[in-house]
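Please read the structure below before turning to the comments.
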Amino acid sequence: MRRSRTLIAVAALAAVPLALASCGQGGGSGEGADDGTLTVLDYYNNEPDKTLMQEALDTCAAEVGVELERETVPGADLIQTVLQRSSSRTLPDVLMLDNPDVQEIAATGGLAPLSDFGVDTAGFAQGILDAATYDGEVYGLGPAVNTLGLFYDVEALDEAGIEPPQTWDELKDAAAELTQGDRYGVAFSAIANYEGSWQFLPFMWTNEGDETDLTSPEVAEALQLWVDLVDSGSASPSVVNWKQGDVKDQFVAGKAAMMINGPWQIPALAETDVEWASVQVPVNEEGQTPVAPLGGEVWTVPETGDESSQGLAAEFVECMSSPDIQMSVAESRYLVPTRTDLIDEYVEKVPDMAAFAEQVRNARSRTGQLGEEWPDAATVIYDAIQLAITGQASAADAFEQASQG
């Protein structure tokens with residue numbers, strides 16, 4: 001899960017340059033489709049993701065019949081790079097965006113709706129379509145996504161005779177019993193940034209809380225759960241400082257018997273001696289459907305003004321979410337295919353992803369409710385979490401206080 005903090009401040013500035021770019025003479029490739037080349041911009045700049053995605057890109061380039069000029073930048077720099085390219089009228093032909101960023105860029109007029117090119121969006125998980133939809137139009141497709149689940153130390157739970165928790169009460173009881181010595185029962189990220197908000201969403205959404213009303217009793221009840229876990233000693237007070245990577249480190253070091261985290265941690269876990277398994281994020285009451293946020297990237301077609309290049313770019317985007325590409329990307333990167341009819345086959349091949357695959361079926365887009373206003377809500381959420389866990393406000397009052405700045 002990634003998010004550019006710069007987007008909020010500068011997205012509004014993009015509207016004019018992006019509109020100008022759409023009247024330009026093509027994307028970053030200059031002659032675009034005339035020379036059989038598509039330019040691609042993404043943030044997979046680290047290994048192994050860079051090479052794994054290059055394989056998928058090359059496959060689609062061959063299928064569409066083009067050469068690629070690919071540029072990768074760090075995730076934190078992507079949006080600023082897009083804005084710079086828009087002002088110089090050198091937007092790429094194919095642009096990858098983190099899914100929460102799609103609506104803000106689409107709102108500037110910088111992306112072409114996929115319906116312009118007849119791209120079929122049927123059969124995709126609703127969450128990924130919601131993330132890529134602005135004003136009723138779908139602007140991108142993602143081949144594979146991630147979400148959150150509950151990892152647990154199999155040996156620790158077996159020794160304690162505890163089943164993986166499925167409800168909040170079971171989570172609190174299990175965490176209390178598993179807290180021994182310098183080991184806490186559970187770890188999660190409550191840090192004051194988007195990671196903290198992201199980790200809180202499964203608890204808030206599953207409890208029928210909503211970002212359109214953060215002062216509701218349902219949202220406060222979810223926050224109270226986190227406060228109770230810390231106040232009881234079942235979770236470390238340091239959760240307010242931990243990123244998700246720190247949470248993984250605590251789990252690997254035996255400092256936490258369970259953790260809320262995502263499948264991107266699996267490669268690191270595989271290099272340890274920890275025997276782990278995972279389940280969906282526990283619900284408040286038995287019978288509720290676990291609802292978690294959807295993470296992952298979306299491939300889009302910028303408005304470059306070059307109809308020929310845009311047509312090929314749309315074919316390329318469609319190829320990047322074809323069944324074969326979805327399966328290969330998901331298997332190699334511990335993600336879940338976005339085509340729901342592929343999920344069962346995928347779980348058979350990658351059983352470690354069963355809980356996350358099931359979670360994706362009901363996962364939600366962070367921008368699905370508020371669109372461009374989501375970053376404001378995310379900030380209120382993580383500020384409220386900090387206030388409540390550190391004892392500066394009650395769970396019932398924290399969101400009201402946080403919303404007042």
Side-chain angles (χ1 to χ4, degrees), residues 22 26-29 32-34 36-44 52-71 82 91-99 101-103 105-106 110-145 294 296-333 335-343 345-346 360 365:
S22 67
S29 59
D34 292 341
T37 300
L38 289 178
T39 53
V40 177
L41 177 62
D42 63 73
Y43 62 34
Y44 300 116
L52 291 174
M53 290 308 301
Q54 186 67 56
E55 294 172 358
L57 293 169
D58 289 343
T59 297
C60 285
E63 182 170 320
V64 177
V66 295
E67 298 292 328
L68 296 182
E69 291 181 3
R70 181 190 184 193
E71 180 181 0
V82 170
L91 284 169
D93 299 307
V94 178
L95 173 64
M96 184 226 72
L97 291 169
D98 191 12
N99 79 77
D101 295 340
V102 175
Q103 293 190 20
I105 296 299
L111 302 177
L114 297 185
S115 62
D116 286 356
F117 313 101
V119 174
D120 185 6
T121 60
F124 287 80
Q126 191 59 47
I128 196 65
L129 293 180
D130 289 345
T133 297
Y134 175 74
D135 201 20
E137 291 280 0
V138 177
Y139 284 87
L141 293 175
V145 291
L294 201 64
E297 294 76 35
V298 170
W299 297 88
T300 69
V301 180
E303 285 282 13
T304 62
D306 186 329
E307 294 182 4
S308 178
S309 286
Q310 285 185 277
L312 285 173
E315 289 183 44
F316 188 88
V317 166
E318 193 167 22
C319 175
M320 284 295 290
S321 285
S322 63
D324 288 346
I325 293 295
Q326 287 206 14
M327 289 294 284
S328 65
V329 168
E331 289 179 45
S332 63
R333 299 183 61 233
L335 299 172
V336 179
T338 54
R339 291 180 183 268
T340 55
D341 60 356
L342 298 177
I343 291 179
E345 177 186 352
Y346 171 70
V360 162
S365 160

**Request:** Could you tell me how the ring of Y44 sits relative to the ring of W299: parallel (under 30°), tilted (30 to 60°) or perpendicular (over 60°)?
**Result:** tilted
For atom CG of D58, is the number of surrounding heavy atoms from other residues, nucleotides or ligands below 6.0 Å larger than 12? yes
Tightest non-hydrogen contact, residues Q310 and A112, listed as NE2-CB, 3.6 Å
message: Is any side-chain heavy atom of D135 closer than 4.5 Å to one of Q103?
response: no
Here the pair of heavy atoms bringing L294 nearest to N99 is O-ND2, 3.2 Å
Is it the case that the side chain of E297 and the backbone of G142 share a donor-acceptor pair, with hydrogens and angles ignored and the cut-off at 3.5 Å? no
Residue pair L91 / V82, side-chain heavy-atom distance below 4.5 Å = yes
Heavy-atom nearest pair, A132 first then G140, reads CB-O, 3.3 Å
Practice prompt. Mind running side-chain contact (heavy atoms from CB on, under 4.5 Å) on I325 and T59 for me, showing each step along the way?
Written response: CA-CA 8 Å; I325 293 295; T59 297; 3.9 Å; yes
Across all chains, not counting sequence neighbours, the side chain to side chain contact (heavy atoms under 4.5 Å, CB included) partners of E63 are C319
To the nearest 0.5 Å, atom CG of L38 lies from atom CD of E69 at 9.5 Å
Between F316 and C60, the two heavy atoms sitting closest are CE1-CB, 3.6 Å
For E331, the side chain to side chain contact (heavy atoms under 4.5 Å, CB included) test, sequence neighbours excluded, returns M327, Y346, K349, V350
On a heavy-atom basis, the closest approach of A144 and L335 is CB-CB, 3.5 Å
With sequence neighbours left out, the residues meeting side-chain hydrogen bond (donor to acceptor under 3.5 Å, both in side chains) with T340 are none
| Are any of the side-chain heavy atoms of V102 and L111 separated by less than 4.5 Å? | yes
Sequence neighbours left out, cut at 3.5 Å: what donor-acceptor pairs do the side chains of residues 118-131 make with other protein atoms?
{"residue": "D120", "atom": "OD1", "partner": "A122", "partner atom": "N", "Å": "3.0"}
{"residue": "Q126", "atom": "NE2", "partner": "D130", "partner atom": "OD1", "Å": "2.8"}

Residues passing the side chain to side chain contact (heavy atoms under 4.5 Å, CB included) test with E55, sequence neighbours excluded, are T51, L52
Those residues at least two apart in sequence (or on a different chain) that pass side-chain hydrogen bond (donor to acceptor under 3.5 Å, both in side chains) with E71 are R85
With sequence neighbours left out, the residues meeting side-chain hydrogen bond (donor to acceptor under 3.5 Å, both in side chains) with D42 are R70
Between Q326 and S321, the two heavy atoms sitting closest are NE2-O, 3.0 Å
**Prompt:** Should we count CD of E137 as having more than 12 external heavy atoms under 6.0 Å?
**Reply:** yes
With sequence neighbours left out, the residues meeting side-chain hydrogen bond (donor to acceptor under 3.5 Å, both in side chains) with S365 are T367
Is the shortest heavy-atom distance from the side chain of L97 to the side chain of L95 under 4.5 Å?
-> yes
